[in-house]
Amino acid sequence: MRTHYCGHLRASHTGETVTLFGWVDRRRDHGGVIFVDLRDRTGIVQIVSDPERTPGSFETANDLRNEYVVRITGKVSQRQDGAVNPKLPTGEIEIYADEIELLNAVRKQLPFQVSTAEAESVREELRLRYRYLDLRRERMAQNLQTRHAVVKAIRRFLEDAEHFMEVETPILTRSTPEGARDFILPSRVNEGEWFALPQSPQLFKQILMVSGVDRYYQIARCFRDEDLRADRQPEFTQLDMEMSFLTQDEILDLNERLVGHIFQTVQGIDVPRPFPRLTYAEAMDRYGTDKPDTRYGLELVEVSDLVANSGFKVFSGAVKSGGMVKVLPIPNGNDVISNVRIKPGGDLFKVAAEAGAKGLAYIRVRESGEIDTIGAIKDNLSAEQKQELLSRTGAQPGTLLLFGAGPDDIVNPTLDRVRQAIAKEMNLIPADQLNLLWVTDFPMFEWNADEQRLEALHHPFTAPRPSDIGDLKTALAQAYDLVLNGYEIGGGSLRIYQPEVQRQVFETIGLSTEEAQEKFGFLLEAFEYGTPPHGGIAYGLDRLVMLMAGEESIRDAIAFPKTQQARCLLTEAPSTVDAQQLKELHVASTYRPKPKSEAADS
RNA sequence: GGGCCUGUAGUUCAAUUGGUUAGAGCACCGCCCUGUCACGGCGGAAGUUGCGGGUUCGAAUCCCGUCAGGCCCGCCA
């Protein structure tokens with residue numbers, strides 16, 4: 001029976017006989033004395049075996065290899081002076097192994113080295129295929145631990161301090177329009193009908209408010225059948241919350257205390273409260289994005305009014321056709337960014353082009369305050385305009401001004417990306433800083449050009465500001481996102497709780513009364529029976545853990561993630577199924593393997 | 001659906017840019033070593049250079065196709 005975990009042993013245990021279980025992290029064989037680093041999830045402790053002092057274990061110690069599983073019984077003893085290892089928390093002691101029992105050997109060559117001492121980066125394909133070994137490694141073991149600690153802190157705060165109740169909602173539910181593509185499952189019992197996996201528990205949590213649950217939360221699995229990214233998986237976990245009878249400010253305050261509690265408990269970090277707030281309009285204006293990274297400056301400056309009548313057609317034309325001209329001022333940018341990089345073919349040009357821009361105009365501010373740029377700009381700006389440009393952008397000698405000109409929805413994303421690329425390159429991002437901020441007052445809708453209709457920016461249950469109900473098309477929403485260092489980690493809103501308003505919103509996004517009734521009739525009906533004002537929020541748990549663990553991929557915050565092709569390399573899911581299974585489900589596959597290309601043969 | 005990057009021993013990388021026998025660290029196997037902690041020493045085994053085709057006297061290297069993994073766009077809160 002285990003008496004201790006490896007990583008918990010200290011000098012205070014000296015003299016005790018302990019029994020440990022774990023994996024051989026490493027073995028150092030000196031011919032006479034053998035050292036074994038024994039590892040379990042808490043850490044490593046050194047085991048000693050030699051023929052004279054521990055004859056009972058020496059033979060087995062000889063046979064041990066990396067990652068063998070063993071039971072060890074022995075006495076904790078203080079290490080000699082000079083033999084102490086300050087790098088290990090257990091480095092002051094070691095265990096003289098009276099007994100070593102080999103519980104299981106490794107029968108195959110390890111696909112990669114597991115040892116904590118090996119920091120070599122292993123191909124991710126291998127890590128995913130042998131995930132159980134990868135999870136033994138220190139980095140991933142720590143990430144799992146961090147994730148656990150975050151969830152635990154959430155539960156303690158919400159349940160113990162704030163009277164929240166966890167309620168599970170169905171995984172088998174119905175397909176809903178709007179939002180992402182659903183994963184669907186055929187119903188065997190109800191032939192011809194389909195379940196969908198939930199994109200989020202949105203509808204259920206609102207119904208729980210109608211049910212009087214008052215404060216709901218759930219660590220909820222969500223599913224969206226869309227293409228993957230470094231921060232997106234087809235199944236992911238949300239901290240999902242919904243509350244009745246609270247104002248937006250009360251909800252934000254509660255969430256600030258929640259987030260503060262998480263950082264305090266998990267990492268011992270005090271995040272200052274209240275969190276700064278930016279309106280959506282302000283965020284777009286100053287950063288060109290609704291999730292700005294505010295750890296560094298490089299704020300955008302709009303100059304549309306200044307250049308609207310200039311002779312430089314790129315600028316004046318952009319403004320005349322309803323667009324804008326904005327500047328990204330880069331202090332000391334002249335030294336860092338050459339013209340070649342801004343012009344076609346250059347890397348910054350590519351960044352801008354990817355966002356849809358045709359190019360980046362620029363002005364360099366020289367020592368005397370002289371401006372250095374292409375003739376077309378220089379010649380078409382008056383001295384006053386130049387002066388105003390410099391003072392408005394705060395330009396100093398050495399400053400590089402990059403211009404975006406065109407439609408708003410090109411200029412903003414372009415300068416946002418360029419801003420991030422430059423901040424990274426110029427090392428302007430303080431690594432250890434945590435900038436949490438709320439972005440509020442989102443528009444209710446945004447125009448979807450493909451479908452030629454308005455679309456809910458957040459989701460169609462978001463409440464408009466009461467003062468904006470008159471004109472829903474341009475209304476602002478009572479919605480809020482929590483942003484951490486440029487990542488959206490949570491978002492929510494006050495919900496519509498009057499069926500009339502809900503119907504109007506459905507109408508605005510082009511959902512007919514009949515369609516709304518068919519898709520969401522159950523919700524609208526529930527709202528007829530006494531619905532409390534309510535609102536909520538959902539956090540991307542994986543993304544939060546990723547950031548707290550200092551990882552750059554969401555996969556490193558998830559025990560068993562999928563590849564970018566949405567495959568699980570461990571289980572080889574998805575897989576084909578028997579024809580019989582399909583038949584029972586009343587499903588036939590239309591898939592036909594592509595014929596092999598014959599070009600190679602002939 | 002599209003763009004870019006990567007794929008060489010179990011693994012992490014190298015291979016003088018098309019040149020003859022594809023190397024090294026760690027892991028693995030054998031021998032030696034009683035205080036190491038990334039122990040050390042000696043020796044050994046280990047390769048369809050992802051796969052298929054092409055160009056060439058000659059291909060890990062160049063070309064085409066294909067598969068897998070990654071980053072991104074589209075898509076997605």
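What you see is a predicted model; the values in this text were computed from it and never measured. To find a chain, count down the sequence lines: A is the first, B the second, and so on, and within it residues start at 1.
At the phosphate of B:A77, OP1 or OP2 sits under 4.0 Å from a side-chain N or O atom of A:Gln199. A sub-4.0 Å separation between OP1 or OP2 of B:A38 and a side-chain N or O of A:Lys87 is present. At the phosphate of B:G69, neither OP1 nor OP2 sits under 4.0 Å from any side-chain N or O atom of A:Arg127. In this model, the phosphate group of B:C71 is approached by a side-chain N or O of A:Gln564 to a distance below 4.0 Å at OP1 or OP2.
Under 3.5 Å, the side chain of A:Gln46 and the base of B:U36 form at least one donor-acceptor pair of N or O atoms. Contact of A:Arg232 with B:C75 (side chain to base): a donor-acceptor pair of N or O atoms is detected under 3.5 Å. Under 3.5 Å, the side chain of A:Glu226 and the base of B:G74 form no donor-acceptor pair of N or O atoms. Donor-acceptor pairing under 3.5 Å, judged by distance alone, is present between the side chain of A:Asp227 and the base of B:G74. Below the 3.5 angstrom threshold, one finds a donor paired with an acceptor across the side chain of A:Arg79 and the base of B:C37. Not a single donor-acceptor contact under 3.5 angstrom links the side-chain atoms of A:Arg123 to the base of B:G10. Looking at A:Asn85, its side chain comes within 3.5 Å of the base of B:C37 through a donor and an acceptor atom. Counting distance only, with no hydrogens placed and no angle test, the side-chain atoms of A:Arg224 and the base atoms of B:C76 include no donor-acceptor pair under 3.5 Å. Checked by distance alone, A:Arg555 brings no side-chain donor or acceptor within 3.5 Å of a matching partner on the base of B:G70.
Aromatic stacking is not marked for A:Phe112 over B:U11, as the cut-offs of 5.5 Å for the centres and 30° for the planes do not both hold.
Under the 30°/60° scheme for interplanar angles, the aromatic rings of A:Phe461 and A:His459 are found to be tilted. In this pair, A:Phe442 and A:Tyr280 present their aromatic rings tilted. The plane angle is within the 30 to 60° band.
B:C62: Watson-Crick or G-U partner is B:G54, with both key distances under 3.5 Å. Judged by Watson-Crick or G-U wobble contacts below 3.5 Å, the nucleotide B:G40 has B:C32 as its partner. Within the shown strands, B:U12 is the pairing partner of B:A24 under the Watson-Crick or G-U definition, both distances less than 3.5 Å. Base pairing of B:G7 is made with B:C67, judged by Watson-Crick or G-U wobble geometry with both donor-acceptor distances under 3.5 Å.
Here, B:C29 and B:G10 have their C1' atoms 13 Å apart, quoted to the whole Å. With P as the reference atom, B:A9 and B:U61 are 15 Å apart, rounded to whole Å. Comparing the P positions of B:A46 and B:C62 gives an interatomic distance of 29 Å, to the nearest angstrom. Comparing the C1' positions of B:G50 and B:C5 gives an interatomic distance of 16 Å, to the nearest angstrom. Rounded to the nearest Å, the gap between the C1' atom of B:G7 and that of B:U66 is 14 Å. B:G47 and B:U21 have their C1' atoms separated by 13 Å, given to the nearest Å. Rounded to whole Å, the separation between the C1' atoms of B:U6 and B:A45 comes to 29 Å.
Among the atoms of the strands shown, none is found under 4.0 Å from any heavy atom of A:Ile44. Heavy atoms of A:Lys108 sit nowhere under 4.0 angstrom from any nucleic acid atom. Counting non-hydrogen atoms under 4.0 angstrom, A:Ile34 reaches nothing in the nucleic acid. As judged by a 4.0 angstrom heavy-atom cut-off over every strand, A:Glu94 is placed among the base-contacting residues. Looking at heavy-atom distances under 4.0 Å, A:Glu354 makes contact with sugar-phosphate atoms alone, never a base. Here A:Asp225 lies out of heavy-atom contact (under 4.0 Å) with every strand.
In A:Lys562, the NZ atom is crowded: over 12 heavy atoms of neighbouring residues, nucleotides or ligands sit closer than 6.0 Å. The 12-atom threshold is exceeded at CD of A:Glu226, counting heavy atoms of other residues, nucleotides or ligands nearer than 6.0 Å.
With sequence neighbours excluded, no residue forms a ring-ring contact (aromatic ring centres under 6.0 Å, His included) with A:Phe183.
Regarding the sugar-base torsion, B:U36 falls in the anti class, its angle being beyond 90° of 0.
Paired with A:Glu125 under the rule salt bridge (charged side-chain N to carboxylate O under 4.0 Å, His left out), one option of A:Arg127, A:Arg123, A:Arg129 passes, and it is A:Arg123.
In this structure, A:Glu235 pairs ionically with A:Arg221, as a charged nitrogen and a carboxylate oxygen lie closer than 4.0 Å.
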